[in-house]
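Values reported hereafter were calculated over all heavy atoms of this structure, with side chains retained and with hydrogens, waters and symmetry mates removed.
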Amino acid sequence: MRWTVYILQCADGSLYTGITTDLARRIAEHEARGKGARYTQGRGPFQLMYQTYCNNRAEASKKEIAIKALSRTKKMAL
């Protein structure tokens, strides 16, 4: 199973980083009321800013943590 690490830009300009095995489904969940992450509720619509693929969940989680530690400038540069 291939995992995707992604960054969404919210309508308010903030960034959200997450992981999933089905990016299209996950973005739809973020857009739907009550289904996405608590942080993204009410912050749509979203723009996909970045995505990369990982071979397993552990690798994706490590990449997600590393991205979350970056400054906004460095995230935007990805």
Side-chain angles (χ1 to χ4, degrees):
M1 183 178 297
R2 194 163 87 164
W3 286 80
T4 304
V5 181
Y6 63 95
I7 299 175
L8 297 178
Q9 183 169 23
C10 304
D12 64 4
S14 62
L15 300 176
Y16 175 82
T17 304
I19 63 172
T20 186
T21 56
D22 184 345
L23 185 57
R25 175 192 50 81
R26 190 64 180 137
I27 291 173
E29 288 175 352
H30 286 302
E31 295 279 356
R33 230 127 147 81
K35 294 228 177 188
R38 183 173 293 168
Y39 181 81
T40 61
Q41 290 180 12
R43 294 181 190 262
F46 306 101
Q47 179 180 356
L48 181 62
M49 300 298 291
Y50 171 81
Q51 66 180 341
T52 190
Y53 302 103
C54 299
N55 295 320
N56 55 57
R57 184 181 181 126
E59 184 182 328
S61 293
K62 287 177 186 176
K63 181 96 173 163
E64 177 188 23
I65 290 167
I67 290 172
K68 285 182 174 183
L70 297 175
S71 67
R72 178 182 176 82
T73 305
K74 289 183 179 177
K75 288 178 190 177
M76 296 299 283
L78 291 174

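The closest side-chain heavy-atom distance from T52 to L78 is not below 4.5 Å. With contacts defined as side-chain heavy-atom distances shorter than 4.5 Å, the pair W3/K63 does not qualify. M76 has its side chain within reach of L15: a pair of non-hydrogen atoms, C-beta onward, lies under 4.5 Å apart.
From L48, atom CG reaches atom OH of Y6 across 9.5 Å, with rounding to the nearest 0.5 Å. Annotation: the span from Q41 atom CD to C10 atom SG amounts to 11.5 Å, rounded to 0.5 Å. Within the model, atoms CD1 of I27 and CG of D22 stand 9.5 Å from one another, a figure rounded to the nearest 0.5 Å. Atoms CD and OG1, from Q51 and T4 in turn, are 6.0 Å apart once rounded to the nearest 0.5 Å.
Nearest heavy-atom pair, A11 versus G44, reported as atom, atom and distance to 0.1 Å: CB-O, 3.4 Å. Between H30 and L8, the shortest heavy-atom distance links the atoms CD2-CD1, 3.6 Å. Across all their heavy atoms, I19 and A60 have their closest contact at CG2-O, 3.6 Å. For T40 against Y16, the heavy-atom pair with the smallest separation is CG2-CG, 3.7 Å.
Shown are R57, R26, M1; of these, the side-chain contact (heavy atoms from CB on, under 4.5 Å) with T21 is made only by M1. Screening K68, R72, K74 against L70 for a side-chain contact (heavy atoms from CB on, under 4.5 Å) leaves a single residue, K74.
Salt bridge annotation for K62-E59: absent, with no cationic side-chain nitrogen under 4.0 angstrom from a carboxylate oxygen.
Distance alone, capped at 3.5 Å, is enough to place a donor-acceptor pair between the E31 side chain and the F46 backbone.
Note that R43 lies in the cation-pi zone of Y39, set by a 6.0 Å cut-off to the ring centre and a 45° limit from the axis.
Linking ILVMFWY residues whenever their side-chain heavy atoms come closer than 4.5 Å, directly or via other members, places I67 and M49 in the same cluster.
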